[in-house]
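Report on the structure given below.
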Amino acid sequence: MHNVSWLLRLGELTLKGGNQKAFETVLKRNLQTMLAGYKVRLETRNGRFYLHGQENDRAAIEDALNRLMGIAGWAQTNPVQKNIDTVIAACITEGKKLAERGGGGGAINGVRTFKVEARRTDKSFPCNSYTMRCKAGEAILEAIPGLRVDVHNPDAIIRIEIREKAYVYSDGQKGLGGLPVGTAGRGLLLLSGGIDSPVAGFCMASRGMGIDAVHFHAYPYTSEEAKQKVIRLAEVLGSYCMGIRLHIIGFTKVQMRIKEAAPLPWATVLLRMAMMDCAEQIARATKAKCLITGESLSQVASQTIENITCTQSKVTLPILQPLIGLDKNTIIHKAQQIGTYAISIEPYEDCCVLFNPPHPVLRGNPAEAIQLYESLQLEPLIEEAIKEMRND
Ligand code: ATP
Ligand code: MG
């Protein structure tokens, strides 16, 4: 038996005109995939999604709704009988629920004011939206002393919707917004163990992009723990984007060659070029349409505009850098929200800091970068690394 229902508000996909149905289909499939194994039923009607499930599964269901790209918000709602008295009684219950949560007295987590909003899709319902709003508002004021109406800037909104059934709800949760994952192709994320790249992956997933990831490690210079950390990051990120396929590449030989044969100040930029080169080959082989990185302009020496130009100089696939204009605090805040931050700050080094030159080039010249890169003859080592990954 389904005894709890949620109403989902769709986000940006409502702006998709004739394509909206296709976006809705993907959204629906994603939610069903996230809740596979739970007894749920999903109803779609007039651009609204209603999800019905069981009280026992509430935590898992609400967790999925909080990770679902493409919804502007959700609220628990209990369908009630379609007559005005029942609807008003449900509004009072909703108001009381809010009041109790705040410890009574009308202070609802700082909420003291409310308004009622009503929508009537079923025009045969004998009471129009305006009358419903007034009646429900009066009834709530009478039943719950301490609450006031504020139509302009209320602390809480109690909503009535009259459709095939009547729905009363309030206190909606904000959704992640964005577009359903799977509506914008698939990109290959260069996933380090750091703070930025998981956030970059999240940003692109929120635009509907499916995410594959590649991680480069330099075992035994980097530890098994460092690798496990990246696997956990991929799992967290995957919980938003319908899973992630993670390619793990041993880059020790490439890195040793750079260390031995290249001018030390260039080591980081050349390593980045090699990562990009390798990632592009993987992307082409797996039909990913672009690369995604977590670079943020001038955050570190390798991310000056000149060095980013060097890093990208060999790649022809588009490289998306969703964090390029964000400052570190904004990125950290996002990482905390999505749950990757605590993992990212675990102290295992990734391979980038291994051979960090004390005085890196700050404004590399791309022509010089390409010349140095070619002189290292990394191609066979990169091919070998890709082959080894396949055999893993
Ligand atoms: P992050 O926090 O994502 O590690 P960062 O600020 O440390 O970023 P860099 O070390 O300059 O920046 O890395 C820039 C980008 O290159 C990263 O965001 C990531 O996309 C990619 N990258 C760096 N190291 C690796 C790695 N070991 N494996 C895969 N991708 C990497
Ligand atoms: Mg890093």
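One-based numbering, in listed order, for ligands and for the atoms of each. Residue numbers start at 1 and run along the sequence shown.
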Under-4.0 Å salt bridge between [X] and [Y]:
X	Y	result
D57	K39	no
R58	E55	yes
E346	K229	no

Strictly under 4.0 Å, does any heavy atom of R272 approach an atom of ligand 1?
-> yes
If you measure every N or O of [X] against every N or O of ligand 1, does any of those distances drop under 3.5 Å?
X	value
M275	no
V300	no
Q303	yes
I195	yes
G193	no

Report the C-alpha separation of D122 and E164 in whole Å, then their side-chain angles, then the decisive distance to 0.1 Å, and conclude whether the side-chain contact (heavy atoms from CB on, under 4.5 Å) test is met.
-> CA-CA 7 Å; D122 173 3; E164 69 304 330; over 6 Å; no
How many angstroms lie between atom CG of L264 and atom NZ of K259, to the nearest 0.5 angstrom?
-> 7.5 Å
For ligand 1, indicate whether the residue [X] contacts it via side chain, backbone, both or neither (heavy-atom separation under 4.0 Å).
X	answer
Q299	side chain
S197	both
T268	neither
L189	neither

Polar side chain donor-acceptor pair, S302 to N307, under 3.5 angstrom | no
Atoms of ligand 1, numbered as shown, that sit under 4.0 Å from any heavy atom of G294 | 17 (C), 18 (O), 20 (O)
